[in-house]
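Reading through the structure tokens given below for one structure.
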Amino acid sequence: MLIAGAGMAGLVAAVRARELGLDPVVIEKGTRAGGSMLLSSGVVWRHLEWEDFRADCPLGDESLQRLVWERLDDALAWLVSLGAEPVWEDTENPRTTGKRFDPRALTELLASRVEVQLQTALGAEVEPPVLLATGGFGRRLAEERGLILRANPWSAGDALDWALAQGASVSSGMGEFYGRAMPARPARIGEEDFVRLAQLYGAEARVITDDGHDITPRKVAWHENDLAQLIGPSAWYVVERTNDRIEAARAAGGTVIARDDGRIAVHVSAGVTHTIGGLRVDTNARVVGLDGVWSAGVDAGGIATGGYSSGLAQALVLGLAAAEDASAA
Ligand SMILES: Cc1cc2nc3c(=O)[nH]c(=O)nc-3n(C[C@H](O)[C@H](O)[C@H](O)COP(=O)(O)OP(=O)(O)OC[C@H]3O[C@@H](n4cnc5c(N)ncnc54)[C@H](O)[C@@H]3O)c2cc1C
């Protein structure tokens, strides 16, 4: 079995496939294994209450949500059984539960158990069985909309294009992304800054467009992913007083203005972390309409549509599901 992508989903699937007696070949387009997982905060989580998952992601596929929600705890126990050491035994958010891992240690652990070949996968010659785990099309979406890319630079929709050419179909949420408000250009944002420069205080801010319109929503979701969708390439957060994240934005060269009314305006731009829509899959991570093709992680779409849920959890659970189904096939 060919596995395209050595991020969270691809590595998990490869390790599980080997456990089950398969001999997967993992092909990675980037210069290293780990994908966006390596850049992440490492919190693998689910909503504590099923109803909250549905309420937060109301347009997502209910059967896939159910799969992630029901299987995550066992999947985390499997990761721990491999030797992954949680740095948090639970999340710090009362609405969610899960574990936090050091992303570098987790990547090294998973990658040490499989062989990863660094080369571009998914040319026309690729044939099933194949698992598509290339991390969605965040780069393409960011470029099309003039947004900041807050993710690995290689997830550009290769799997989506390949599978659609074979007759696959897409999920809901093709225009949505998980992202964060980031300091707008000319702020300098390296991949090591993706977490600390996120402008996560939007619930206290007025949101103003470049031409001065106040577009502050009546209610802001706890994760602020709704604000990331709203602000687009350029908007302003206006707040009463500064905070650490604003000072970090200023230090990185972002535009922070002291207004005549005493308030502070921060120039922000949406940063795309991953796409929410993607390939339509079933609960065995099979790509609907294609034989011998699975998709896991955020290549598989439609789970968090209308909101936000853990990309790492989606990658872990669907990666396991794909490997188990492939080994039974
Ligand atoms: C700053 C930051 C913080 C985050 N924090 C969290 C968090 O705390 N909790 C959480 O749940 N999520 C978090 N995420 C999101 C999470 O990292 C992703 O949702 C997750 O990594 C998705 O897993 P994946 O396997 O689908 O993709 P990835 O882990 O990105 O892996 C995809 C891999 O496929 C490779 N690839 C692309 N195209 C090809 C191709 N054609 N052939 C071969 N390989 C290819 C890519 O190079 C990459 O290595 C965060 C992300 C970032 C950037």
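Nothing fancy with the numbering, it's 1 onward along the sequence. Hydrogens, waters and symmetry mates play no part in the numbers below; they use all other heavy atoms, side chains included. In each ligand, atom 1 is the first atom listed, and ligand 1 is the first ligand listed.
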For ligand 1, which atoms sit closer than 4.0 Å to a heavy atom of [X]?
| X | answer |
| --- | --- |
| Val195 | 1 (C) |
| Gly42 | 8 (O) |
| Ala133 | 32 (C), 33 (C), 34 (O) |
| Val43 | 7 (C), 8 (O), 9 (N), 10 (C), 11 (O) |

Electrostatic pair [X]:[Y] at N-O distance under 4.0 angstrom:
| X | Y | result |
| --- | --- | --- |
| Arg46 | Asp73 | yes |
| Arg16 | Glu19 | yes |
| Asp56 | Arg95 | yes |
| Asp102 | Arg104 | no |
| Asp161 | Arg140 | yes |
| Lys99 | Asp90 | no |
| Arg18 | Asp23 | no |
| Glu324 | Arg71 | yes |

Distance to the ring centre below 6.0 angstrom and angle to the axis at most 45 degrees; does that hold for Arg180 and Tyr308? yes
Could you tell me whether Arg66 sits above the aromatic face of Trp50, with NZ or CZ closer than 6.0 angstrom to the six-membered ring centre and within 45 degrees of the axis? yes
Kindly confirm or rule out an N or O of [X] lying under 3.5 angstrom from an N or O of ligand 1.
| X | answer |
| --- | --- |
| Ser40 | no |
| Gly311 | yes |
| Glu28 | yes |
| Arg150 | no |
| Arg32 | no |
| Leu312 | yes |
| Ala313 | no |
| Ser36 | yes |
| Ala151 | no |
| Met8 | yes |

Option set [options], criterion heavy-atom distance to [atom], minimum:
| atom | options | answer |
| --- | --- | --- |
| atom 40 (C) of ligand 1 | Lys29, His274, Gln117 | Lys29 |
| atom 27 (O) of ligand 1 | Gly7, Gly135, Gly35 | Gly135 |
| atom 41 (N) of ligand 1 | Ile3, Thr96, Asp158, Thr31 | Asp158 |
| atom 32 (C) of ligand 1 | Thr134, Val12, Thr107 | Thr134 |

Go through Arg54 and Glu51 one step at a time and tell me if the salt bridge (Lys or Arg N to Asp or Glu O under 4.0 Å) criterion holds. CA-CA 5 Å; Arg54 290 296 298 154; Glu51 292 72 23; over 6 Å; no
Examine the proximity of ligand 1 to [X] and report which part, side chain or backbone, both or neither, has a heavy atom under 4.0 Å away.
| X | answer |
| --- | --- |
| Leu38 | neither |
| Ala33 | neither |
| Ser310 | both |

Is ligand 1 less than 4.0 angstrom away from at least one heavy atom of Val44? no
Do Leu11 and Val298 sit in the same hydrophobic cluster, where Ile, Leu, Val, Met, Phe, Trp and Tyr count as joined when their side-chain heavy atoms come under 4.5 Å apart? no
Linking I/L/V/M/F/W/Y whenever any side-chain heavy atoms sit under 4.5 Å apart, do Val25 and Trp162 land together? yes
